[in-house]
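Just so we're on the same page: letters track the sequence lines, and every chain starts at 1.
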Amino acid sequence: MLVDYKDTVNLPKTAFPMKANLPQREPEILRGWEEQAIFQRLVASNAERPGAKRFVLHDGPPYANGDIHIGHALNKILKDVVVKYRNLKGEVADYVPGWDCHGLPIELKVDKELGPKKRDMDRAQIIEACRAYARKWIDRQRESFKRLGVFGRWDDPYTTMSKGYEAEIVRTFARAAEKGFLFRGKKPVYWCITDRTALAEAEVEYEDHTSPSIYVAFDLVSPLPEAKLAGKKARLVIWTTTPWTLPANLAVAAHPDFTYVAYELHGQVLVVAKDLLTRFLADCAPDELLVKDVPVAHSPDAHAAATGGGGLVPSAHLVHPERILAYLDGKALEGLIYRHPFMDRESPVILGEHVTLEAGTGLVHTAPGHGAEDYQVGLAYGLEVLNPVDGAGRFTEEAGKYAGKKIFEANAEIVADLQASGHLLSDPKASLRHSYPHCWRCHNPVVFRATDQWFLSLEHDGLRKRTLAAIDRVQWIPRWGRERIYGMIENRPDWCLSRQRTWGVPIPVFYCEGCAEPLVSPAVMGRVAQAFEAEGIEAWYRHAPADFTQGDRCPKCGKAEFRREQDILDVWWDSGVSWAAVAEKRGFGVPVDLYLEGSDQHRGWFHSSLLTSVAIRGQAPYRGVLTHGFVLDGHGKAMSKSLGNTVAPEEIIKKYGADILRLWVSAADYRDDVRISNEIVAGLAEGYTKIRNTVRYMLGALDGFDPARDAVPVEELEPLDRWALAKLAAWDEKVKAAYENYEFHLAYHATMQLCAVDLSSLYFDIIKDRLYTWKKDGKPRRSAQTALWLVCQDVLRLLAPVLSFTASEAWGHLPGRPAESVFLAGLPTRARPADADALEARYGKLFEVRAMVQKKLEEARRAGLIGKSLEAAVTIRAEGETRALLEEAKAELPTLFIVSKVTLADGPSGVDVERAPGEKCERCWIYADDRGVDPAHPTLCGKCASALR
RNA sequence: GGGCCUAUAGCUCAGUUGGUUCAGAGCGCACGCCUGAUAAGCGUGAGGUCGGUGGUUCAAAUCCACCUAGGCCCA
């Protein structure tokens, strides 16, 4: 009689496939979630629970422009892990994703798409085109984010361009105005005098242009800080290519670390930077030089000199080295007063790090109204922002005798005047061909010109101080986030809120038609907000100003006619008030629990949100701020299109699936920058296989197991099965702590450890015999299945925030699952077995012996003595405690070591391996002593024979 | 140039307040076994002067300084 005993072996069986095939399967799972409204039900069921805690992770809005990149994926997946974990934990963690919609990048793209058509469109029409553009990208990005498996209110997100949000932007602006934080100031911007419009940096193109190149002497009123020069009148030498900015000159900047020289030329004492003296003489007095061909740029030692000073002018170059009367420290020049060459005023010498030795004299003509650096340094010195040029490029009255002249045409006149008055040191005809900013539309040279703009004052009502104090009441993760934002708030200038653009929320201010006085009225702004609520920002242009001002009169002159402000709000205000427009509006409460964004947002969203919230509400809008690093390539380099080292999330999803991407996010320590490469992703995919197969094995082993009928009470489980539960509990604790502390990578590693070591190589391997060959419905086998059932479902529950698709899929194959979806099952709440500590200690030691045994088995295997370990019989020599433990565990040892026989012996510790005697049981492959005890099954061992009865 | 940060095996990460157990884990790799988890599973093994240099200390991956490489934000 030939019995095929293989058919009697209870092998694992499951429909949960080994091959994940995630790219195909995930979309189906996604559909399932949507159809069953899993997220909505999850949040709703948590909200029903009495006393449920709320946890609000407020989404920082990505910009609605372009496809999502890997950084977006990292950010959204991290958020999703947090949201899912909190919900699983039973907290009400709703998540409303958002988009940032206004702003220059979209306006520029739309500009380009519209082309010349734009000229015939009014602002409302351009706005509509921008809306459509943003809408298109929101839809695309939304699908991409959903494909990542991110749960949220995708059907009801927030967008900064929705009417309600636009209204809220105005309301928050009104709140800030009411509290007195807004003021009007001047700031230079690029300006096209042909188109009479401000330009963004992106709208400026550099083209070659020929400018005058002149050296001008400014007469010092103060004496130079050098005794031997006492009584001598000295002059500061500046160089400029824009004579028309001289009427706006309010300072001369020197570098604090440069050395300057006082050089006597034609009876005047001229001050220039030491390293630029020869350059200056080459341009203005070549006869002073022995070497005529002085290079255009600075001398070779200029850099060394620039950093430390030291060294003298190479006197070999000079005809009259003795004309260097003195060397002066840059720092010592600060505060010297000079007289403007043609305006009736005196101005100071200031210090600035922006001064270079690249060109000029090391003394920089400074006009805060006409240059970004000039403006910056001017702020530090409290200089006025003087702009004597109107929008059409004509000098105003403030330019004195040049009033009414076109600035570029006035260049020649100014130079001639300087020459006549003896202030010009160079050839009046000298010119320079250089790269100069031009308007991208009309290609005429642009100017830098200060215009009136609105600012949020950092000093009003102690805003800066109060913001710094608020920072210390926020939990920054990692901690250094605090230092980062603190330093920024400490040093930043007032916030310029005006943008000279179209696509954004108008600054809700009007100006008196009579005296140009601004009307900053919270009541008027309220009407504006109401109009926006109904019509969007288009209302600003559709309605006459009177519709909003409604009879209000100018507080200064009493006139009742107004014109509207043309500028819009900085988009950082838009997203910066999301705490009001979203968290307050939707009743989440402010401050929210968490903002979670990349580390660039210390300057961005964390920053703008903090300022608006402290100004308006007096506290930070968040309790915690979590930052992650940037995604770098495999070599740790930043990704860029030009380097061609970008990795698109879409590509990974197509090749591996979103769960692999999610696993990548969870495995990385995101507090630092995170790397991604083919190698890394492939490695994660291997790790995924391990986890998946571990789960699959459990599901297979649970074939035919009905927990309601077959489960064994935990205290009656076999000791090894209780050990498995102890390991599960330890893992459970680690993983929960990792989620709580936002250290997800620790969860990943703990999970790999659990799957690869505790489960796969130890537990599963050891219980195989029990599962496969013992009596199918016997208690020992049911004991193992009970443990597996518990382990499997807890693993799935705790993995669900990360491996959402896989956990969801596997949950569907779990017999007797306690909830319809893994996401509705909650976190594991299982207690550790009462004797967990003892079990871990006992098996820990036994497994140490097991490792020794395996070493010897491997030797025997290499020697050809055995193949699989069941072919071995081992003798273990041990003494003391170990011997006692082994004696106690004697019956269990063959199972634990997966050998056919274990003999204990005296003597120094060691292991001997020999081939197991006798023949193997045809069914369980163990070389058993009692083979053939049942005459009905002569080739089987006693255990197998009884299993078949 | 400034502010903040990072640097441990090929990869991803542990390494609490410096000290027997501190140079670890998993993966990958090499070699072998199994063929009853099979495009799986098991075993054994090789791999690092803890970015570099100098210092503090009886003792440093761990503290300090500088340097190198890299990241973000400014200028």
Pairwise C1' distance for B/rC58 and B/rU68, with rounding to whole Å:
32 Å
Look at all strands and tell whether A/Ala668 reaches a base, only sugar-phosphate, or nothing, counting heavy atoms closer than 4.0 Å.
sugar-phosphate
Any donor and acceptor pair, going by atom type alone, linking the side chain of A/Gln785 with main-chain N or O of A/Ala701 inside 3.5 Å?
yes
Note: A/Lys736-A/Asp732 ion pair, threshold 4.0 Å (strictly below):
yes
Respond yes when some side-chain nitrogen or oxygen of A/Lys19 is under 4.0 Å from OP1 or OP2 of B/rA39, and no when none is.
no
Where protein sits on nucleotides 66-75 of chain B, one letter per nucleotide: B base, S sugar-phosphate only, - none, heavy atoms under 4.0 Å:
----SSBSS-
Tell me: OH of A/Tyr670 to P of B/rU6, nearest whole Å?
15 Å
Compute both the distance and the angle, then confirm whether A/Arg692 meets the cation-pi test with A/Phe16: under 6.0 Å from the six-membered ring centre, within 45 degrees of the axis.
yes
Could you work out the separation of B/rA46 and B/rC31 based on their P atoms and round it to a whole Å?
15 Å
Reckon A/Trp664 touches a base, only the sugar-phosphate, or nothing at all at heavy-atom distances under 4.0 Å?
nothing
Round to the nearest Å and state the distance from A/Glu848 atom CD to B/rU21 atom P.
16 Å
Side chain of A/Arg862 only, heavy atoms from C-beta on: which candidate in B/rG36, B/rC11, B/rC31 is closest?
B/rC31
In terms of side-chain heavy atoms of A/Lys868, which of B/rC34, B/rU44, B/rA14 is nearest?
B/rC34
Upstream residue (5' side of RNA chain B) when A/Ile680 and A/Gly481 are each assigned their closest nucleotide:
A/Gly481
Roughly how far apart are A/Arg675 CZ and A/His635 NE2, rounded to 0.5 Å?
9.0 Å
How does RNA chain B read in dot-bracket, base by base from 5' to 3', with Watson-Crick or G-U pairs under 3.5 Å and | used when the partner is on another strand?
(((((((..((((.....[....)))).(((((.......))))).....(((((..]....)))))))))))).
Please classify the nucleic acid contact of A/Arg923 as base, sugar-phosphate, or nothing, using heavy-atom distances under 4.0 Å.
base
Salt-bridge present (A/Glu858, A/Arg862; N to O < 4.0 Å)
yes
Nearest listed nucleotide, side chain of A/Val9, among B/rA37, B/rU12, B/rG36:
B/rG36
Taking the same atom, P, in B/rC4 and in B/rC66, what whole-Å distance lies between them?
12 Å
Separation of B/rU44 atom P from A/Leu857 atom CG, nearest Å, is 9 Å
note: A/Gln854, atom CD; B/rC34, atom C1'; distance rounded to Å ~ 14 Å
For the C1' atoms, the ones on B/rG19 and on B/rG3, what distance do you get once it is rounded to whole angstrom?
36 Å
Say we look at B/rG43 and B/rC67: how far apart would their P atoms be, to the nearest angstrom?
49 Å
Given B/rU35, B/rA14, B/rA37, identify the nucleotide with an atom nearest to the side chain of A/Tyr772.
B/rA37
Rounded interatomic separation in angstrom, taking NZ from A/Lys13 and P from B/rG36:
17 Å
Which one, B/rG32, B/rA37, B/rG36, comes nearest to the side chain of A/Met18?
B/rA37
Mind checking if A/Gly700 touches a base, just sugar-phosphate, or nothing, with heavy atoms under 4.0 Å?
nothing
With C1' as the reference atom in both, quote the distance from B/rU56 to B/rA69 in angstrom, rounded to an integer.
26 Å
Is there a side-chain contact between A/Lys855 and the phosphate of B/rG43, meaning an N or O under 4.0 Å from OP1 or OP2?
no
Cationic N near anionic O, under 4.0 Å, A/Arg915 to A/Glu871
yes
For A/Leu896 and B/rG43, give me the distance from atom CG to atom P, rounded to whole Å.
14 Å
Do A/Tyr656 and A/Trp664 make the cut of ring centroids closer than 6.0 angstrom?
no
Hey, are the side chains of A/Lys856 and A/Val874 touching, using non-hydrogen atoms and a 4.5 Å cut-off?
no
C1' atom, B/rA59 versus B/rA7: distance in rounded Å?
24 Å
Whether A/Glu743 and A/Arg671 form a salt bridge (side-chain N of Lys/Arg under 4.0 Å from carboxylate O of Asp/Glu) is what I want to check.
yes
Under a plain distance cut-off of 3.5 Å, with no hydrogens placed, do A/His607 and A/Arg492 share a side-chain donor-acceptor pair?
yes
If we require ring centres under 5.5 Å and near-parallel planes under 30°, does A/Tyr697 stack on B/rG41?
no
For a quick check under 3.5 Å, do A/Asp570 and A/Trp495 share a side-chain donor-acceptor pair by atom type?
yes
In whole Å, I'd like the distance from the CZ atom of A/Arg850 to the P atom of B/rC42.
10 Å
Interatomic distance, NE2@A/His69 vs CG@A/Asn75, rounded to 0.5 Å, equals 9.0 Å
Neighbours of RNA chain B within residues 747-766 of chain A, by heavy-atom distance under 4.0 Å:
A/His749, A/Met752, A/Gln753, A/Ala756, A/Val757, A/Ser760, A/Ser761, A/Phe764, A/Asp765
Below 4.0 angstrom, N of the basic side chain to O of the carboxylate: do A/Asp765 and A/Lys768 qualify?
yes
Within the structure, does a side-chain N or O atom of A/Lys690 lie under 4.0 Å from either OP1 or OP2 of B/rG41?
yes
Given atom CG of A/Leu22 and atom C1' of B/rA39, what is their separation to the nearest angstrom?
15 Å
Glycosidic conformation of B/rG28, taking syn as within 90° of 0 and anti otherwise
anti
I'd like the C1' distance from B/rG47 over to B/rC33, given in whole Å.
23 Å
Does A/Ile652 reach the side chain of A/Ile70, with side-chain heavy atoms less than 4.5 Å apart?
yes
